[in-house]
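The next block holds one structure in the form of structure tokens; read it before the comments.
Ligands are counted one by one from 1 in listed order, and the atoms in each one are counted from 1 as well. Owing to the predicted nature of the structure, the values given are computational and were not obtained by experimental measurement.
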Amino acid sequence: MPGDADAVVVGSGPNGLAAAVTLAAAGLRVQVIEGAAGPGGGCRTEELTLPGFRHDVCSAAHPLALASPFFRRFGPAARGVRFAHPEVVYAHPLDGGRAAVVTRSVADTAALLGRDARAYRRLMQPLSDGGNAVADAVLSSMRRPPRYSGALASYARLARRSAAAVAGRFHTDEARGLLAGAAAHAMLPLTEPPSAGVALLLGSLAHTVGWPVVAGGSGRLTDAMIDAIIGAGGQVETGRWVRSLADLPRAPATLLDVSPRAFLAMTGERLPTRYRDALAGFRYGPGICKVDFALSGPVPWQNDAARQAGTLHLGGGFEEIAAAEAAVARGEHPDSPYVLVVQACVADPDRAPRDRHTLWAYCHVPSGSTVDMTARIEAQIERFAPGFTDLVLARHTRTAAQEEAENPNYVGGDIACGRQTVRQVLARPAVRWNPYRTPLRGVYLCSSATPPGPGVHGRCGELAALAALRDVFGVREPPDLAAGLPGLPRRGPAYSATQSVMIAGPASPGGGRSRRLAGPGGSGPDRNRPRSSASTVTVSWG
Ligand SMILES: Cc1cc2nc3c(=O)[nH]c(=O)nc-3n(C[C@H](O)[C@H](O)[C@H](O)COP(=O)(O)OP(=O)(O)OC[C@H]3O[C@@H](n4cnc5c(N)ncnc54)[C@H](O)[C@@H]3O)c2cc1C
């Protein structure tokens with residue numbers, strides 16, 4: 001394959017793989033080149049703490065994958081991927097053992113919100129009734145007006161506003177907390193638009209598709225895409241960082257799952273000044289500090305319903321979360337941060353040994369921060385779940401600087417690969433008719449720095465691949481992902497047994513020949529994690 005691929009894809013995050021899947025389904029020979037020791041980018045699962053504890057290294061909750069038009073066509077279920085749904089989609093604990101709780105039903109969720117029940121129903125019911133309409137419009141290239149629907153009209157009315165503006169509809173701590181918790185995913189101050197849009201999208205997805213985890217770990221989704229690429233004759237090579245376009249094998253099409261900053265570095269002076277300036281002016285958001293825990297039991301949330309939740313938003317009421325996010329935007333590390341928590345074992349108990357649990361948590365920090373927020377994250381969990389720290393068997397922490405060291409797409413630790421301001425949502429990374437096309441012939445950007453932005457939905461990759469198919473290969477019809485690819489379900493846990501994935505790396509004899517990738521007992525990603533010294537693991541037997 002090296003040297004005779006129709007298309008080369010740099011980066012094997014969900015967007016790089018979605019691009020490769022789309023191109024392979026069209027019958028092209030695809031070569032994926034990944035810098036890290038293992039594939040998957042923001043969609044991986046590893047034993048970060050102790051043997052048998054399988055942690056999602058990055059993404060854990062998958063409303064966007066379920067709602068994504070790409071994954072709906074790809075058909076993860078037919079390829080052996082199971083989404084595991086918790087009973088409570090997400091919870092927002094408050095002091096004194098109270099909590100707001102979101103379930104799949106708008107009516108049931110509203111019923112628990114007291115005097116805000118009607119306002120919640122009025123906000124969410126039209127979006128929920130619209131089914132996929134809002135997600136289809138948001139998970140698009142943003143180039144054409146979406147097809148009109150009542151749900152979309154309701155969404156569009158509020159989406160460009162700030163969460164603070166929409167919070168005025170609610171009176172109770174519970175309803176206002178729910179809004180703040182969902183809006184803060186935007187990594188923007190809650191007074192800044194379009195934080196309301198993010199809250200409404202994620203809030204409505206809770207009712208339309210849920211926020212599941214992937215049974216066995218997010219890495220299973222990556223495995224399914226790699227199986228499809230390799231089954232169609234493609235190749236995935238790991239451990240090869242691309243510093244310049246000149247390093248790449250010659251191919252009619254090149255798709256880059258990289259940040260605008262990395263693209264600039266790869267191309268040097270080859271880009272026209274105007275486009276170069278636009279990429280140089282692309283703004284990145286704050287970073288995150290993430291902690292994964294191995295626990296001796298479930299988290300003892302004071303609120304019973306919170307114990308059933310897949311995702312939890314911590315940080316108190318609307319004003320407290322707004323203050324924490326505003327502090328991060330000012331370059332400060334809040335003492336009482338907004339903390340996102342996923343307890344995967346609630347829906348997928350096999351993530352940890354019997355009666356043990358994993359816990360995934362992160363908070364926002366200023367860009368490039370080297371501050372270890374473990375103690376502040378733990379204090380926030382302890383606030384709503386007294387006794388939590390007694391359960392900690394081991395913890396693994398990555399600061400924002402370490403996030404970037406592990407994956408250069410996360411510039412300064414920004415896991416969204418670019419601030420989600422209104423301008424940068426609508427035109428990422430530069431104002432262009434086709435945001436995936438670059439001024440270099442046959443070269444496309446396909447990372448989450450392109451529309452529709454961050455999340456595991458694969459749409460940036462799919463839409464970039466469709467542009468390349470049209471421009472370079474004259475293929476106008478989107479390929480049939482169900483029929484155009486083999487779909488053999490994988491057996492056994494991802495990366496914990498000998499892989500059937502053919503990986504070619506520089507270490508393999510001959511430089512580019514395929515070799516079999518072994519699991520943790522051999523030389524797989526668990527053993528060979530790139531720059532493992534960049535993160536901290538502390539193990540304490542309790
Ligand atoms: C801690 C964390 C939690 C998250 N939680 C969620 C969640 O719960 N749900 C959700 O939907 N999303 C979540 N996300 C966001 C989601 O993971 C990303 O938006 C998504 O992975 C972006 O996909 P991508 O393919 O554009 O980039 P990435 O997944 O970042 O992949 C890019 C890949 O390209 C490789 N690469 C970059 N530069 C080069 C180079 N020069 N040469 C070779 N290879 C290169 C990188 O090593 C990486 O493997 C989370 C992210 C993080 C980090």
Open item on the list: Could you check whether Glu47 pairs with Arg351 (Lys NZ or Arg NE/NH1/NH2 to Asp/Glu carboxylate O, under 4.0 Å)?
Closed with: no
Task: Glu34 (side chain) donor-acceptor with Val10 (main chain) under 3.5 angstrom - done: no
Task: Pairwise distance NE2(His364) to OG(Ser369) - rounded to 0.5 angstrom - done: 12.5 Å
- [ ] Check each atom of ligand 1 against the heavy atoms of Ser448 and keep those under 4.0 Å away; list them by number with element.
- [x] 22 (C), 26 (O)
Open item on the list: Counting the benzene-type ring for Trp, do Tyr90 and Trp211 have ring centres under 6.0 Å apart?
Closed with: yes
Open item on the list: Within the 3.5 Å criterion, strictly below it, is a donor on Thr374 or Thr397 matched to an acceptor on the partner's side chain?
Closed with: yes
Open item on the list: Quick test of your reading of the structure: of Gly42, Pro408, Ala61, whose heavy atom lies closest to atom 29 (O) of ligand 1?
Closed with: Gly42
TODO: Mark up the atoms of ligand 1 that fall under 4.0 Å of a heavy atom belonging to Val258, in ascending order.
DONE: 38 (N), 39 (C)
- [ ] Using a strict 4.0 Å cut-off to heavy atoms of Lys290, name the atoms of ligand 1 that fall inside it.
- [x] 1 (C)
Open item on the list: At less than 4.0 angstrom from any non-hydrogen atom of Gly41, what atoms of ligand 1 do you find?
Closed with: 29 (O), 31 (O), 48 (C), 49 (O)
Open item on the list: Is Ala60 close enough to touch ligand 1? Criterion: a residue heavy atom under 4.0 Å from a ligand atom.
Closed with: yes
Task: Shortest reach to atom 3 (C) of ligand 1 by a heavy atom, considering only Cys58, Pro14, Gly38 - done: Cys58
Open item on the list: Starting from atom 49 (O) of ligand 1, what is the nearest protein heavy atom, named by residue and atom, and what distance separates them?
Closed with: Glu34 OE1, 2.6 Å
- [ ] Provide, to 0.1 Å, the distance between atom 41 (N) of ligand 1 and the closest protein heavy atom, together with that atom's residue and name.
- [x] Val242 O, 2.9 Å
- [ ] Check the side chains of Gln343 and Trp301 for a donor-acceptor pair under 3.5 angstrom, ignoring hydrogens and angles.
- [x] yes
Open item on the list: Taking distance alone, with N or O pairs closer than 3.5 Å, would you say Tyr362 contacts ligand 1?
Closed with: no
Task: Phe263 contact mode with ligand 1 (heavy-atom cut-off under 4.0 Å) - done: neither
TODO: Fit a plane to each ring of His313 and His92, take the angle between them on a 0 to 90° scale, and name the class: parallel (under 30°), tilted (30 to 60°) or perpendicular (over 60°).
DONE: perpendicular
Open item on the list: Any nitrogen or oxygen of Asn407 lying under 3.5 Å from a nitrogen or oxygen in ligand 1? Just yes or no.
Closed with: yes
Open item on the list: Between ligand 1 and Cys43, can you find any atom pair, the residue atom being a heavy atom, that is separated by under 4.0 Å?
Closed with: no
Task: Contacting atoms of ligand 1, where contact means under 4.0 angstrom from a heavy atom of Tyr410 - done: 17 (O), 21 (O), 28 (P), 29 (O), 30 (O), 53 (C)
TODO: Assess Cys460 for proximity to ligand 1: is some non-hydrogen atom of it under 4.0 Å away?
DONE: no
Open item on the list: How long is the straight-line distance from CZ of Phe74 back to CG of Leu17, given to the nearest 0.5 Å?
Closed with: 9.0 Å
Open item on the list: Students should be able to answer this: which protein heavy-atom is nearest to atom 43 (C) of ligand 1, and at what distance?
Closed with: Gly35 N, 3.2 Å
- [ ] Using the ring of Phe282 (Phe, Tyr or Trp, six-membered ring only), decide whether Arg428 places NZ or CZ under 6.0 Å from its centre and within 45 degrees of its axis.
- [x] no
TODO: Answer with side chain, backbone, both or neither: which part of Asp56 has a heavy atom less than 4.0 angstrom from an atom of ligand 1?
DONE: neither
Open item on the list: Is it the case that ligand 1 has an N or O less than 3.5 angstrom from some N or O of Gly455?
Closed with: yes
- [ ] Would you indicate whether the side-chain heavy atoms of Thr49 and Phe293 approach each other to under 4.5 Å?
- [x] no
Open item on the list: According to side-chain hydrogen bond (donor to acceptor under 3.5 Å, both in side chains), who are the partners of Arg437, at least two apart in sequence or on a separate chain?
Closed with: Asp471
Open item on the list: If I take atom CG from residue Asp372 and atom OG1 from residue Thr399, how far apart are they, to the nearest 0.5 angstrom?
Closed with: 7.5 Å
- [ ] Rounded to the nearest 0.5 Å, what's the gap from CG on Leu264 to CG on Leu279? Could you check?
- [x] 4.5 Å
TODO: Could you check atom 53 (C) of ligand 1 against the protein and tell me its nearest heavy-atom contact, residue, atom and distance included?
DONE: Ile415 CG2, 3.2 Å
TODO: Please write down residue, atom name and distance for the protein heavy atom closest to atom 11 (O) of ligand 1.
DONE: Val456 N, 2.9 Å
Open item on the list: Check for me whether Arg398 has a heavy atom closer than 4.0 Å to any atom of ligand 1.
Closed with: no
Open item on the list: Less than 4.0 angstrom from a charged side-chain N to a carboxylate O is my criterion; do Asp348 and Arg54 meet it?
Closed with: no
Task: Any pair counted as side chain to side chain donor-acceptor pair (under 3.5 Å), so long as it reaches residues 449-464, sequence neighbours left out - done: Arg73-Glu462, Arg459-Glu462
TODO: Just need the protein heavy atom nearest to atom 37 (C) of ligand 1, so name the residue and atom and give the distance.
DONE: Asn409 OD1, 3.1 Å
- [ ] Measure the distance from atom 27 (O) of ligand 1 to every protein heavy atom, then report the residue, atom name and distance (to 0.1 Å) of the closest one.
- [x] Asp257 OD1, 3.5 Å
Open item on the list: Could you measure the distance from the CG atom of Leu28 to the OG1 atom of Thr22? Nearest 0.5 Å is fine.
Closed with: 10.5 Å
Task: Under 4.0 Å to a heavy atom of Arg240 - the qualifying atoms of ligand 1, by number - done: 43 (C)
Task: Heavy atom of Met266, distance to ligand 1 below 4.0 Å - done: yes
TODO: Check ligand 1 against Trp360 and write out every atom of the ligand that is under 4.0 Å from a heavy-atom position of the residue.
DONE: 3 (C), 5 (N)
TODO: Give the single entry among Gly287, Ser68, Ser59 that approaches atom 4 (C) of ligand 1 most closely by any heavy atom.
DONE: Ser59
Open item on the list: If I take atom NE2 from residue His55 and atom NZ from residue Lys290, how far apart are they, to the nearest 0.5 angstrom?
Closed with: 8.5 Å
Open item on the list: Taking the basic N atoms (NZ, or NE/NH1/NH2) and the acidic carboxylate oxygens, is any pair closer than 4.0 Å for Arg44 and Glu46?
Closed with: yes
Open item on the list: Side chain, backbone, both or neither: which applies to Ile288 and ligand 1 if a contact is any heavy-atom pair less than 4.0 Å apart?
Closed with: side chain
Task: Subset of ligand 1 atoms that lie under 4.0 Å from at least one heavy atom of Gly11 - done: 33 (C), 34 (O), 35 (C)
Open item on the list: I want to know if ligand 1 touches Ser447 in the polar sense, i.e. an N/O pair below 3.5 angstrom.
Closed with: no
Open item on the list: Among all the protein's non-hydrogen atoms, which is closest to atom 31 (O) of ligand 1, and how far away is it?
Closed with: Gly13 CA, 3.2 Å
